[in-house]
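Here the structure is laid out as structure tokens; the discussion comes afterwards.
Here is the naming used below: chain letters follow the sequence lines, and residue numbers restart at 1 for every chain.
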There are 2 protein chains.
Amino acid sequence: MRKATLEEVASAAGVSKMTASRALRGTTDVSPETRAKVLQAAKQLSYVANRLALSMSAQRTKLVAVVVPSMSNIVFPEVMAGISAGLEGSGMQAVFGISDYDVDKEREVIRDMLSWQPSAIIVTGLDQPEDTRRMLKDADIPVIQIMDLDGEPVDHCVGLSQGGAGEDMARALIAAGRRRFGYIGSALNRDTRAEKRRRGFERVLDQHGLRFAAKHIDPGSSSIVLGKRLTMEMVKASAGLDCIYYSNDDMAAGGLFACMELGVSVPDEILIAGFNGLELAHALPVKIATSESSRREIGEIAARLVREATSGEGRSSKTVAFKPQIFGLPTT
Amino acid sequence: MRKATLEEVASAAGVSKMTASRALRGTTDVSPETRAKVLQAAKQLSYVANRLALSMSAQRTKLVAVVVPSMSNIVFPEVMAGISAGLEGSGMQAVFGISDYDVDKEREVIRDMLSWQPSAIIVTGLDQPEDTRRMLKDADIPVIQIMDLDGEPVDHCVGLSQGGAGEDMARALIAAGRRRFGYIGSALNRDTRAEKRRRGFERVLDQHGLRFAAKHIDPGSSSIVLGKRLTMEMVKASAGLDCIYYSNDDMAAGGLFACMELGVSVPDEILIAGFNGLELAHALPVKIATSESSRREIGEIAARLVREATSGEGRSSKTVAFKPQIFGLPTT
DNA sequence: TTGAAAGCGCTAACAA
DNA sequence: TTGTTAGCGCTTTCAA
């Protein structure tokens with residue numbers, strides 16, 4: 001059976017297209033018998049309205065474009081879940097695109113998303129190159145940049161200072177008495193937010209006359225297994241480390257597992273610190289330090305900003321700042 | 001700046017809409033100067049083609065609708081990543097919807113997706129109620145059901161036998177010498193695939209004259225923390241268990257962490273078995289048993305089936321079966 | 001309460 | 001090589 005159109009429903013019901021449209025939407029007065037006939041015909045034909053036509057006609061869609069860098073750990077799926085939940089009941093629908101931490105791909109994905117004429121767009125981070133920023137501005141819809149605060153937003157913004165998160169963690173670890181630091185990360189040339197955290201961390205080390213005694217940045221993508229492997233290598237190669245800072249919690253969890261297998265006591269001998277505040281980090285049998293990245297909440301707030309901005313309430317650009325809290329430090 | 005239309009680009013370049021269209025797409029011959037003028041005008045105006053209009057005109061979209069039940073663990077994001085990767089280069093774009101393991105919500109999400117006139121639709125599982133199945137059939141596009149094989153596909157299907165996975169795991173654990181089994185799961189009334197695994201497991205237990213000595217099914221959603229809490233309770237309450245089967249790897253990892261904190265030796269005293277073959281399961285310092293669910297591959301194959309079906313190659317319904325392999329059993 | 005016409009932005013088909 | 005016409009499925013006007 002070919003897809004039924006409104007026209008077909010109308011003729012099956014013996015009325016005009018317009019009457020069928022009105023009956024289906026229930027906006028205007030339609031006589032009860034007519035409405036019944038139309039609904040019956042629609043059901044009979046498995047009629048599903050064509051949103052393409054609807055949006056064309058209305059000159060606007062109910063779409064919210066969302067561009068995230070990755071789906072390979074739980075971080076961005078949680079952001080997306082927050083956005084979906086926050087949009088619920090608004091009639092708006094999120095559409096997702098993945099940029100793979102690649103600026104060129106990101107630009108193409110954004111262009112692609114914009115071609116669907118979304119009502120708003122949510123993108124990850126503030127570090128888009130100028131041409132991408134221009135495209136976002138020229139789209140003439142609300143733009144919400146999420147997760148980061150370190151930079152100049154195109155329009156609205158909700159996130160946390162990534163550099164600040166690195167600084168805070170460094171201060172906390174130094175206050176906890178650690179002095180011989182290692183760093184383990186991955187693909188930092190592409191993940192600009194992890195890079196900002198690392199730089200923030202190093203700024204504070206520097207202020208204290210300290211530096212990373214060992215540093216390993218792998219070109220691969222972040223994962224538990226990678227964190228484990230790099231930690232095995234680092235612990236064997238660099239004796240005397242009392243703390244390792246990781247690019248995120250996945251890597252850090254791998255680090256913990258490496259220490260457990262090597263019989264290195266955590267946190268007594270080595271303190272493990274990550275970033276994100278994943279559920280995993282809270283469930284581990286040995287605590288690792290981590291900063292909460294409030295992913296779900298950021299998604300929900302981004303959705304709220306979209307709703308406000310598209311309902312016309314206030315055209316001014318808003319910024320919502322989260323202050324990442326640190327968990328899992330040993331209580332001395 | 002309002003969004004520019006082709007019309008505006010054309011008039012800015014001093015040509016007709018059609019010429020502008022041709023210059024932009026590069027399909028037909030356009031004189032070099034004209035093309036240059038048009039491209040220049042398009043760039044100047046930040047022109048982004050309107051896909052709504054394009055799809056309307058072409059009577060078809062390049063969209064593939066994907067409906068998954070959840071985003072709260074890494075399983076479905078990995079499926080989605082596989083689909084996105086598999087679609088790369090085809091010009092097709094995946095659009096995702098979340099059903100929250102709710103059949104009513106699933107029906108509405110599917111209806112919503114269909115209203116965008118996608119070229120194909122991928123849905124999770126085979127257990128849709130009859131009205132949803134009817135809607136899928138009547139959509140008159142390729143339908144791919146993923147993850148499960150136990151049931152009657154609407155059209156194409158790629159997955160693994162969930163009941164069989166449960167059976168296989170039970171056989172393997174019995175072969176490993178275990179006899180006193182516990183079961184820990186969550187929300188099984190909604191996650192029909194986890195329920196199928198549990199039933200498969202119980203069928204084999206039954207064949208061996210065994211049964212679960214303890215069983216706890218929590219109404220909450222699956223998580224590491226929940227698995228940990230339920231395991232703490234079960235281990236304390238039911239002495240003598242030598243194996244616990246979990247609804248998935250998240251719950252099982254929580255179970256392992258509980259055992260570690262309680263000083264229960266894994267796998268000597270209690271063998272922990274989950275499902276999915278998550279990266280986490282492979283990185284843990286103590287191995288847990290798990291069956292590989294080939295999520296990413298299933299996503300990629302689903303994408304391949306979409307490409308084949310939409311390119312018209314063969315209208316026959318295909319089924320691709322995965323045989324889940326078991327990892328992490330203690331080698332005796 | 002119902003219907004007819006026009007138009008949303010684009011492209012396929014035909015014409016010049 | 002370029003332009004004109006018609007139409008994709010729907011809703012918003014305007015009329016009956």
TODO: Could you verify whether a donor N or O on one side chain and an acceptor N or O on the other, from B/Gln59 and B/Gln117, lie under 3.5 Å apart?
DONE: no

TODO: May I ask you to verify whether the side chain of A/Arg22 and the base of C/dG3 hold a donor-acceptor pair under 3.5 Å?
DONE: yes

Task: Toward the 5' end of DNA chain D, by each residue's nearest nucleotide, B/Ser57 or B/Val15 - done: B/Val15

Task: First of A/Thr34 and B/Glu7 reached from the 5' end of DNA chain C, by closest nucleotide - done: A/Thr34

Open item on the list: Below the 4.0 Å mark, does C/dG3 have OP1 or OP2 next to a side-chain nitrogen or oxygen of A/Ser16?
Closed with: yes

Task: Phosphate-side-chain proximity, B/Arg60 and C/dC10, N/O vs OP1/OP2 below 4.0 Å - done: no

TODO: Ignoring backbone atoms, establish whether A/Ser31 has a side-chain N or O less than 4.0 Å from OP1 or OP2 of C/dT2.
DONE: yes

Task: Any B/Ser21 side-chain N or O less than 4.0 Å from OP1/OP2 of C/dT11 - done: yes

Open item on the list: Please determine whether a side-chain nitrogen of the Lys or Arg among A/Asp127 and A/Lys196 lies less than 4.0 Å from a carboxylate oxygen of the Asp or Glu.
Closed with: yes

Task: A/Asn50 CG to D/dT11 C1', straight-line distance once rounded to whole Å - done: 13 Å

Open item on the list: Can you measure B/Lys3 atom NZ to C/dC10 atom C1' for me and round it to whole angstrom units?
Closed with: 16 Å

Open item on the list: Can you pull out every salt bridge (charged side-chain N to carboxylate O under 4.0 Å, His left out) where at least one residue sits in residues 90-105 of chain A? Sequence neighbours excluded, please.
Closed with: A/Asp100-A/Lys105, A/Asp102-A/Arg190, A/Asp104-A/Arg107, A/Lys105-B/Glu88

Open item on the list: Between C1' on C/dT1 and NZ on A/Lys37, what's the gap in Å once rounded to a whole number?
Closed with: 12 Å

- [ ] Starting from P on D/dC8, measure out to CD on A/Glu8 and report it in whole angstrom.
- [x] 11 Å

Task: Residues B/Ser311 and B/Arg307: side-chain donor-acceptor under 3.5 angstrom - done: no

- [ ] May I have the distance from A/Met56 (atom CE) to D/dC8 (atom C1'), rounded to whole angstrom?
- [x] 8 Å

Open item on the list: Side chain of B/Met18 only, heavy atoms from C-beta on: which candidate in D/dT12, C/dT11, D/dC10 is closest?
Closed with: C/dT11

- [ ] Using atom CG of A/Leu24 as one end and atom P of D/dT12 as the other, report the distance to the nearest whole Å.
- [x] 14 Å

Task: Separation of C/dG9 P from B/Arg51 CZ (nearest whole Å) - done: 17 Å

Task: Contact nearer the 5' end of DNA chain D, comparing B/Ala58 with B/Val30 - done: B/Val30

Open item on the list: Check the phosphate of D/dC10 against A/Tyr47, side-chain N and O only, distance under 4.0 Å to OP1 or OP2. Yes or no?
Closed with: yes

TODO: Respond yes when some side-chain nitrogen or oxygen of B/Gln59 is under 4.0 Å from OP1 or OP2 of C/dT11, and no when none is.
DONE: no

Open item on the list: Expressed as a whole number of angstroms, how long is the span from B/Leu52:CG to C/dT11:C1'?
Closed with: 15 Å

Open item on the list: Any side-chain to backbone donor/acceptor pair from B/Thr5 onto B/Glu8? Under 3.5 Å, distance only.
Closed with: yes

